[in-house]
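See below for the structure under consideration.
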Amino acid sequence: LTFSASATPTATPTAVCNGNCNTQFCGTFENLPSPGTFISDNFTINGSGSTSIVFDPAFTSNVLLVQPNGGLWLGLGDKMPEFANIGDTVVTARVGYARGVLLARISGGLQPSGFPAFGYVFQVIPGATDELRLFRLDNGTATLLFHGNPPAMNLNDYRMRFDLIGNNLNGYIDGVLLAQTTDTTYASGTFGIMAFNTLTKYDDILVNAALTCASPTFTTSPTATPTD
């Protein structure tokens, strides 16, 4: 009876939330000992309204509810300095209810409009004509960069993605590129989410500032194989 060693490839993931690969933020809101602390430790709340983390039957998971009184947006730059000045950025989120809003390359405080002072906005209002939009914010004033009609979508459960790569701004709904433009005004800033005039729920908020992840690496572990 002899033994021979064979190499068994074992996947070692290199991309994890709040870990490697510059996946700089991952908000899933599960298994939190203190949800209120999670919000206050991670987000700066700007505007009037309320936030809470609750179980949502449609998502079958905890979600972040943002209930605005006008405009209410949550940003990370003031609470986490490493997020205050990122350039190329991909922001994704699972969203529900009437209006989804993702913010990127933002800076400055709350303005009378309810928006941040500077940066870019990707907004969709499901089912509303001409309400798939990209904006630029200049001292709180919104300049429309792109507009179109939203696709047919489930307003209670959809995915948004906002890419800012160099001067290119791209907005996706449920994985489909639907909004795109170019703009050279702002090269960096923080990111956030927003509710405006109506309750919005968010989950699986993910930001990858570097945009590139190494492929999974493989290690070999000898396995003894008996032979006669």
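Quick note: residue numbers are just sequence positions, from 1.
- Looking only at side-chain heavy atoms (C-beta outward), Pro151 and Leu178 come within less than 4.5 Å of each other.
- Summarising the geometry of Val90 relative to Asp163, their closest heavy-atom pair is CG1-OD1, 3.4 Å, with the distance given to 0.1 Å.
- By the 4.5 Å heavy-atom criterion applied to side chains, Thr190 and Asn85 are not counted as neighbours.
- In the hydrophobic clustering of this structure, Leu177 does not group with Leu206; members are Ile, Leu, Val, Met, Phe, Trp, Tyr whose side-chain heavy atoms approach within less than 4.5 Å, directly or through other members.
- Side-chain contact between Ile193 and Ile205 is present, with at least one heavy-atom pair separated by less than 4.5 Å.
- Taking both residues in full, the closest heavy atoms of Arg136 and Thr185 are given as CD-OG1, 3.4 Å, listed atom of the first, atom of the second, then distance.
- One hydrophobic cluster, built from ILVMFWY side chains closer than 4.5 Å, cannot hold both Met153 and Val63; they sit in different ones.
- Residues Asp138 and Thr143 have side chains in contact (heavy-atom distance under 4.5 Å, counting atoms from C-beta outward).
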Practice item. Apply the test side chain to side chain contact (heavy atoms under 4.5 Å, CB included) to residues Asp88 and Leu164: give CA-CA distance (whole Å), side-chain angles for both, the deciding distance (0.1 Å), then the verdict. Key: CA-CA 5 Å; Asp88 287 352; Leu164 293 90; 6.0 Å; no
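- How far CG of Asn62 is from CG of Asp56: 9.0 Å, rounded to the nearest 0.5 Å.
- Judged by distance alone, the side chain of Asn149 and the main-chain N or O of Asp130 form a donor-acceptor pair under 3.5 Å.
- When all heavy atoms of Val95 and Gly100 are compared, the pair lying nearest together is CG1-CA, 3.8 Å.
- At least one side-chain heavy atom of Leu132 sits less than 4.5 Å from a side-chain heavy atom of Phe122.
- Note that the CZ atom of Arg161 and the CD1 atom of Ile173 stand 12.0 Å from one another [nearest 0.5 Å].
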**Study point:** salt bridge (Lys or Arg N to Asp or Glu O under 4.0 Å) assessment of Arg159 paired with Asp174
**Key:** CA-CA 5 Å; Arg159 305 275 180 166; Asp174 291 329; 5.9 Å; no
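- When hydrophobic clusters are built by joining Ile, Leu, Val, Met, Phe, Trp and Tyr residues whose side-chain heavy atoms come closer than 4.5 Å, directly or via intermediates, Val54 is not grouped with Leu32.
- Both the sub-6.0 Å distance and the 45° axial angle are satisfied by Lys201 relative to the ring of Phe59.
- To the nearest 0.5 Å, atoms CZ (Phe115) and CZ (Phe135) are separated by 6.0 Å.
- Rounding to the nearest 0.5 angstrom, the gap separating the CG atom in Asn42 from the CG atom in Leu74 is 10.5 Å.
- Checking side-chain atoms of Tyr172 against main-chain N and O of Ala179 turns up no donor-acceptor pair under 3.5 Å.
- In this structure, the side chains of Thr198 and Tyr97 stay at 4.5 Å or more apart for every pair of heavy atoms.
- Considering all non-hydrogen atoms of both residues, Gly108 and Pro116 come closest at O-CB, 4.4 Å.
- Ring pair Phe29/Tyr202: centre-to-centre distance not below 6.0 Å.
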**Study point:** Audit row: Phe196, Arg99, side chain to side chain contact (heavy atoms under 4.5 Å, CB included) steps and yes/no
**Key:** CA-CA 7 Å; Phe196 199 85; Arg99 184 195 306 246; 3.9 Å; yes
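- Rounded to the nearest 0.5 angstrom, Leu145 CG and Leu169 CG are separated by 7.0 Å.
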**Study point:** Trace of the side chain to side chain contact (heavy atoms under 4.5 Å, CB included) decision for Thr92 with Met160
**Key:** CA-CA 6 Å; Thr92 61; Met160 295 182 70; over 6 Å; no
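- Checked for salt-bridge contact, Asp183 and Arg105 miss the test: no charged N lies under 4.0 Å from a carboxylate O.
- Under the 4.5 Å side-chain heavy-atom criterion for ILVMFWY residues, a single connected hydrophobic cluster contains both Phe118 and Tyr120.
- Clustering ILVMFWY residues whenever any of their side-chain heavy atoms sit less than 4.5 angstrom apart, transitively, puts Ile45 in the very cluster that holds Leu64.
- Separation of atoms NZ (Lys79) and CG (Asp41) is listed at 6.5 Å; rounding is to 0.5 Å.
- Residues Gly192 and Ile106 approach most closely at N-CD1, 4.2 Å, considering heavy atoms.
- Considering only heavy atoms from C-beta on, Val121 comes within 4.5 Å of Val101 through its side chain.
- At distances below 3.5 Å, not a single donor-acceptor pair connects side-chain atoms of Thr60 with backbone N or O atoms of Pro57.
- Shortest non-hydrogen contact noted between Pro150 and Val124 is CB-CG2, 3.9 Å.
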**Study point:** Test side chain to side chain contact (heavy atoms under 4.5 Å, CB included) applied to Leu134 and Phe162, step by step
**Key:** CA-CA 10 Å; Leu134 296 173; Phe162 192 15; 3.7 Å; yes
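- The shortest side-chain heavy-atom distance between Ser48 and Leu72 does not fall under the 4.5 Å cut-off.
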